[in-house]
Structures are given as C-alpha cells and as structure tokens.
Q: 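Below is the structure I would like to discuss, written out as structure tokens.
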Amino acid sequence: MRFSQLLIPTLKEDPSEAEVISHKLLLRAGYIRKLSSGSYTYLPLGLAAIRKVEKIVREEMNAAGAQEILMPMVQPADLWQESGRWQVYGKELLRVKDRHNRDFCLGPTHEEVITDLARKNIHSYKQLPLNLYQIQTKYRDEARPRFGLMRGREFIMKDGYSFDASDQGANETYEKMKYAYHRIFSRCGLRFRAVDADSGAIGGSFSHEFMVLADTGEDTIVICKSCSYAANMEKAACRQSPPPEDIRLEEIKKIETPGKRKVQVVCDFLQITPAELVKTLVYIVNGETIAVLLRGDHEVEEVKLANILGVSDEELRLADDKEIFDATGTPSGYLGPIGLQIRTVADQEIAALRNFTVGANDKNFHLQGVNMGRDFSPTLTGDIRKVTDRDHCLLCGSELELTKGIEVGHIFKLGTKYSLAMKATFLDDQGAETPFVMGCYGIGVSRVVAAAIEQHHDKDGIKLPAAIAPVQALLLNLSPQDEEITRAAEDIYQELRSKNIEVILDDRDERPGSKFKDADLIGMPLRITVGKSFSQQGLIEIRQRADGQTFTIPLPETVATVMELIAKTEA
RNA sequence: CGGGGCGUAGCGCAGCCUGGUUAGCGCGCCUGCCUUGGGAGCAGGAGGUCGGAGGUUCGAAUCCUCUCGCCCCGACCA
C-alpha cells in the first residue's frame with residue numbers, strides 16, 4: 001500500500017469537537033471521521049485496526065469452542081414483546097416501522113433473536129452445549145454519545161450467547177469465556193482487570209466486566225493493592241469496621257443547631273468529624289418513602305440499596321425537600337432515625353458507631369450521644385454505601401484503590417431468564433422439557449481500539465500495540481526525486497511484501513519533516529527510513545514507535561532486521 | 001431530559017457587544033520557482049447561501065423570534 005493512494009487525512013490541529021485523547025488522535029491520524037453525533041466512518045487505518053481486534057476475537061472464540069454466525073440487525077418487535085423488553089428497554093432502543101406499519105427495532109443486542117433461533121432448532125440435550133457469536137454493528141440510541149469511539153450510537157460489537165443443558169454446564173461455559181476474554185485482551189496489549197459486576201436487572205447469578213485501566217474511563221472500579229480482588233462500584237464490598245470496644249454509652253443530649261443542615265456545617269459547629277455523624281436521607285421507592293441512614297462521610301450506592309430492598313435501581317430516587325417534609329414533618333437537614341414513622345434502612349457501618357450525632361426531627365436541633373439498638377432500630381441493615389479508598393479489602397484486608405476503567409467486555413450468566421420468557425426448551429436425557437441455561441458475552445470491538453489508544457499514546461500520536469496496529473511498518477522514502485533512494489525504498493517495499501509483512505510505503509512528495517510527523521501520528525510499530533544516510537553511507541534507519549529505540553543498519557540487512565523485530569514483539 | 005457553550009472556506013479561529021464598502025487571519029488545497037532528516041521559503045490562485053427560516057431596519061455575520069446541528073456537565077447507560 002502506498003501512502004499517496006491511501007485515504008489517510010491527517011490533521012495538524014486538534015479538532016474542536018474532540019475532548020479525550022483517543023478521540024483527538026483517531027481524528028487527527030485519519031483513522032475515523034464523524035458522520036453525525038455518535039456515528040463514525042472507519043477510514044482505512046481505523047478499519048484495519050478494528051479488523052485486527054476482530055481477528056484476535058475470532059481466533060480465541062473459535063478456540064474456546066464458539067461458532068460464528070451473523071444475525072439480522074433489524075429485529076421484529078414481537079420477539080421483544082415476548083421477552084418483555086419492548087416495554088422495559090426504553091429510549092435506547094431505536095424503534096422503526098416498515099412499509100406495512102409493523103414495528104421493528106435496530107438491534108442493540110441479540111438475546112431475543114438468538115433465543116428464538118435456539119428454540120426453533122435445538123430440541124435435544126444431545127445438541128448441547130452450544131456457543132454462538134457474531135461480530136456486528138450494534139445500534140443504541142444513546143442519550144449522550146461522547147468521546148468518539150468510546151460511546152457511540154453505532155459501534156462494532158462481538159456478542160456471544162451460550163446454551164447449556166444444566167446450571168453446572170453453564171458455569172463451565174462461563175469460565176471458558178472468562179478465560180478466552182483474558183486471552184483476547186492480553187493479546188490486544190491492554191492493561192485490564194476483570195471485575196465483579198452487579199448482574200442486577202438482567203438477572204442471573206454472576207457477571208464480570210473487563211475494564212481497561214485508563215484515567216478517562218467512565219466507570220470507577222475498586223481494586224485491592226495486594227490481592228486479586230477487583231469489583232466495580234455497584235458491587236464492591238469492603239471490610240466492616242471492627243465491633244466497638246467497650247465504650248460507655250452516653251445519654252442523649254438535644255442541642256440547638258440553628259441553620260446548620262449540611263453535614264460539614266453541622267460537624268464544624270459541633271466540633272466533630274463527619275464519621276461521628278449519621279445522616280438521614282429520604283428515598284422514594286415505588287411511591288413509598290424510606291429513610292436511609294449513613295455515616296456522614298459515606299455515600300449511598302443506589303444499586304446496593306435497590307438490591308437490599310428487592311427492587312430495581314430504576315424504582316428508587318431521592319426525595320425532594322417537599323416530599324421529605326410531607327413524609328416526616330421535618331425539613332431536610334434535621335432528620336434523624338429516632339421517632340421516624342417510616343421504614344428505615346441503615347448502612348451496616350452504623351452498627352460500629354457509638355455515641356453519634358443525628359438530626360432531632362425538630363427544626364434547628366440535633367441529638368448527640370445516640371446509639372443504634374438502644375435508641376432506634378432500623379427496618380433493615382446492610383451494605384448500602386460506596387466503598388472509598390479509605391476502606392480495606394474484604395478478602396485480605398489490604399488497602400483498596402479506586403481507579404477509572406473503560407468497559408471493553410462484559411460477560412453474564414443469564415440463567416433461564418430468556419429461555420423461560422420465550423419458552424425455549426429442549427428435552428433432557430429423561431425426556432423432560434427443560435429451559436436452556438444461557439450466558440451472554442460481549443466485547444466492544446471498536447471501543448477496544450479507542451481504549452488501546454487511551455493507554456498507548458504520547459504527545460506525538462498513537463502507539464498502538466503491534467497486535468492491533470493497522471500495519472506493522474511504515475516505510476519512508478524521504479526523497480522521491482532521488483533515484484537511488486527511491487530504488488532502495490521500492491526494493492525494501494517489494495521484499496517486505498513478498499515476505500507478507502504489512503507495510504505502507506510513504507511515497508508522497510512531501511518534505512521529510514511532514515513524513516516524520518505523520519509517522520509518529522499514525523503510529524505504526526516500526527518506521528523504516530530511507531534518506532540521506534542511505535545515499536551517503538548506505539544505511540537504513542529502523543525505529544520502534546513504542547520506545548523510540550533506533551537501529552541503523554546496511555540496506556541488505558533491513559528486511560531480516562524488520563522480521564526479527566516483529567517476531568520479538570509477537571513473542 | 002435538565003444546565004452550559006458553540007455553529008463564519010477542508011481544519012483551527014477573529015469579526016458580532018456598539019448594524020454601514022469587495023467578510024478577515026493561520027494551516028491545508030491548486031500553479032510555478034526553490035528546498036529536501038522533524039509539519040521550510042517566495043510569488044500567484046481557487047474556495048464562503050456567515051447552520052436554516054422568519055422578523056426589525058434604508059441596510060443584518062452582527063439585533064429579535066423560531067428551528068436544526070455539534071460539544072461539555074448532569075440524569076441515563078442489557
């Protein structure tokens with residue numbers, strides 16, 4: 001491939017629309033162009049990188065026993081009505097009508113289609129287990145697409161679905177997929193962690209997210225500094241504070257705190273720390289008003305709260321000031337658990353507190369010396385807060401670290417949610433009609449490319465890992481007018497091609513400076529330069545993009561050296 | 001969906017507040033000369049319904065109304 005004939009529209013300046021580094025570089029390096037908010041055209045380099053990721057995904061999925069298929073992107077509404085998600089899925093599901101006025105949607109995911117496929121074609125346990133996947137463009141009408149390929153409306157996804165005859169079989173398949181995912185992201189050259197995730201609304205028993213570690217990540221994950229524990233915020237647990245020593249329980253004192261409502265203000269006024277105060281939040285849960293007790297320095301994790309209440313997190317929200325007053329007769333800021341007439345959920349940390357401060361349920365008053373159990377009893381107690389970096393690992397007690405991650409993969413054990421809803425069954429070895437036990441496994445292929453750039457770049461441009469770089473080498477002919485140099489560059493080019501080494505020859509009539517700048521920007525692992533040092537000393541320069549290491553060698557050794565360097569990065 | 005910002009040449013921007021000649025600048029693009037190891041230089045040139053519609057005015061990129069698009073924060077995100 002010749003640079004002069006490829007569409008690689010590089011940009012000198014950052015496009016104003018891009019915020020995060022991967023978005024800026026993908027645009028500047030001519031990998032992608034935007035069509036409209038959240039949808040992008042993949043130009044030759046961008047597509048080549050995506051194909052590399054796809055290739056790795058295919059190899060590992062096939063090796064794990066999965067089979068590739070391709071399902072329609074436009075899906076009939078009746079399947080979604082059958083699973084119940086036509087109503088539940090919300091605005092993200094882009095719905096369209098055909099010429100007969102029948103309802104369809106653009107597939108954001110394919111559980112319904114695959115389950116329909118299975119129920120129509122799999123009838124016996126002898127056909128199981130079955131693991132199918134596809135790599136396809138997905139459409140989700142995102143409320144707010146952002147960050148280029150990171151969160152688009154339209155994006156390329158590998159989605160896989162497994163069908164097992166038993167729960168145990170499904171667990172084994174899940175583990176196989178987990179292993180395959182580790183291999184896939186390792187081969188892509190990514191630093192990542194698999195974290196425990198909340199399987200929440202989807203149902204099913206467990207779920208892991210594969211998170212690429214990067215500051216621009218949209219998700220917060222919790223990882224242990226010394227053991228392997230890792231979880232996302234919704235799921236992360238930590239050690240409870242130790243049970244208190246024998247402390248004398250004080251009497252309750254009512255103290256006037258005029259105008260002091262915010263935790264920090266009350267604490268400053270009373271000369272205590274937020275950890276010695278218990279705040280009372282009010283939630284509306286399916287119309288019911290519920291009080292939530294939490295240490296002053298902690299925050300609610302709504303997914304955990306929803307789980308303990310046995311509802312979905314969409315069914316709860318914070319009450320506004322008027323709702324609080326109507327339900328409790330007290331303005332917000334002075335609420336407390338003592339004497340409250342509504343159901344109360346306490347975070348488990350409060351059990352470890354003694355003689356703490358709460359609102360008095362009386363405007364401008366707080367109570368000190370309060371103790372749970374003696375003075376009030378919550379309806380429910382449990383872990384309902386977000387873990388902080390001051391907490392300690394549930395498994396080993398070491399320090400925890402909060403870090404940002406980009407979700408590039410997510411695996412779920414679905415169980416029988418869809419097979420039951422859609423009556424997808426087979427006959428087991430006893431002749432009994434049994435629902436499939438399912439799992440589903442997603443990888444954001446286009447997002448992987450963006451995440452890789454977030455992790456691998458410098459001030460000059462992209463430094464994609466060799467495994468997913470569009471091509472392995474960029475060959476610079478610095479003087480297309482110079483016959484000798486051009487002949488040498490062409491010879492190297494032909495020889496590399498004959499050895500099946502992917503290479504782009506920069507044969508453009510540009511000055512050397514521009515070629516070097518573009519080379520750094522588009523970021524191929526190896527840069528091979530034929531220029532002045534060749535005409536003067538017969539030497540070729542090979543430079544590694546990743547670490548800047550440079551080799552100057554005689555022309556005849558060039559191709560062998562290139563092959564050596566490529567082999568080394570693959571090892 | 002709530003809050004904020006921005007739409008002027010392919011890209012990045014100025015001009016708008018305070019209306020008034022042919023609407024500017026840098027980069028890119030085209031032609032020629034020159035130059036050739038880190039985005040050179042000189043000369044010439046092409047390229048704009050100032051996002052769109054309506055209004056105010058003798059006159060609108062500029063003021064007003066509506067509308068479309070894009071970006072950011074939040075909500076949302078199987």
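All values reported here derive from a predicted model rather than from experimental measurement. Below, chain A is the first sequence line, B the second, and so on; all start at residue 1.
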Q: So does Lys97(A) pair up with Asp103(A), basic N to acidic O under 4.0 Å?
A: yes
Q: Checking Asn477(A) against Glu490(A): is there a side-chain donor and acceptor pair closer than 3.5 Å?
A: no
Q: Which nucleotide in the list rG37(B), rG74(B), rC70(B) gets nearest to the side chain of Arg144(A)?
A: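 Within the option list, the nearest is rG74(B).
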Q: Kindly write out the residues that satisfy side-chain hydrogen bond (donor to acceptor under 3.5 Å, both in side chains) with Asn171(A), not counting sequence neighbours, or none if the list is empty.
A: Lys413(A)
Q: Considering only nitrogen or oxygen atoms on both sides, find all protein atoms under 3.5 Å from nucleotides 26-29 of chain B and state each distance.
A:
| from | atom 1 | to | atom 2 | distance (Å) |
| --- | --- | --- | --- | --- |
| rG26(B) | N2 | Glu13(A) | OE1 | 3.1 |
| rC27(B) | O3' | Lys12(A) | NZ | 3.3 |
| rG28(B) | OP1 | Lys12(A) | NZ | 3.3 |

Q: Do you know which of Arg85(A), Arg119(A), Glu112(A) makes side-chain hydrogen bond (donor to acceptor under 3.5 Å, both in side chains) with Tyr418(A)?
A: Arg85(A)
Q: Return the nearest nucleotide to the side chain of Leu521(A); candidates are rC72(B), rG37(B), rG39(B).
A: rG39(B)
Q: Counting side-chain heavy atoms from CB outward, which of rA75(B), rC73(B), rC70(B) is closest to Ala143(A)?
A: rA75(B)
Q: If you pin Ser514(A) and Val20(A) to their nearest nucleotides in RNA chain B, which one's is more 5'?
A: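 Nearest nucleotide further toward 5': that of Ser514(A).
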Q: If you only use heavy atoms from C-beta on, which nucleotide in rG38(B), rG37(B), rC71(B) is closest to the side chain of Glu541(A)?
A: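 The listed nucleotide nearest to Glu541(A)'s side chain is rG37(B).
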Q: His410(A) and Ser207(A): side-chain donor and acceptor closer than 3.5 Å?
A: yes
Q: Arg317(A) near the nucleic acid: base, sugar-phosphate alone, or nothing, with a heavy-atom cut-off under 4.0 Å?
A: nothing
Q: Using a cut-off of 4.0 Å on non-hydrogen atoms, how would the nucleic acid contact of Lys515(A) be classed: base, sugar-phosphate, or nothing?
A: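 No contact.
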Q: With sequence neighbours left out, write down each residue that passes side-chain hydrogen bond (donor to acceptor under 3.5 Å, both in side chains) with Glu60(A), or none if nothing qualifies.
A: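 Residues passing side-chain hydrogen bond (donor to acceptor under 3.5 Å, both in side chains) with Glu60(A): Arg183(A), Arg187(A).
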Q: Answer with base, sugar-phosphate or nothing: what part of the nucleic acid does Thr109(A) contact at a heavy-atom distance below 4.0 Å?
A: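 Since a base atom lies under 4.0 Å of Thr109(A), the category is base.
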Q: Has the side chain of Asp14(A) got a donor or acceptor that lies under 3.5 Å from a partner of the other kind on the base of rG12(B)?
A: no
Q: Under the side-chain hydrogen bond (donor to acceptor under 3.5 Å, both in side chains) rule, collect the residues that match up with Glu495(A), sequence neighbours excluded.
A: none
Q: Can you figure out which of rC72(B), rG38(B), rC77(B) approaches the side chain of Arg543(A) most closely?
A: rG38(B)
Q: Base, sugar-phosphate alone, or nothing: which one does Arg527(A) contact when heavy atoms must sit under 4.0 Å apart?
A: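 Base contact.
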Q: My understanding is that only one of Glu17(A), Glu19(A), Glu218(A) makes a salt bridge (charged side-chain N to carboxylate O under 4.0 Å, His left out) with Arg146(A); could you say which?
A: Glu218(A)
Q: Under 3.5 Å, which protein N or O atoms sit close to an N or O of nucleotides 42-48 of chain B? Give each pair with its distance.
A:
none

Q: Nearest to the side chain of Pro15(A) - rC71(B), rC72(B), rG12(B)?
A: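 Nearest nucleotide to the side chain: rG12(B).
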Q: Where along residues 472-484 of chain A does a heavy atom come under 4.0 Å from RNA chain B, residue by residue in number order?
A: Leu478(A), Ser479(A), Gln481(A)
Q: Can you see whether Lys138(A) engages His110(A) through a side-chain donor-acceptor pair at a distance of less than 3.5 angstrom?
A: yes
Q: Would you kindly compare Val530(A) and Gly148(A) by the position of their nearest RNA chain B nucleotide and give the one closer to the 5′ end?
A: Val530(A)
Q: If you check every side-chain atom of Ser36(A), which of rC72(B), rG39(B), rC70(B) has the closest atom?
A: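 It is rC70(B).
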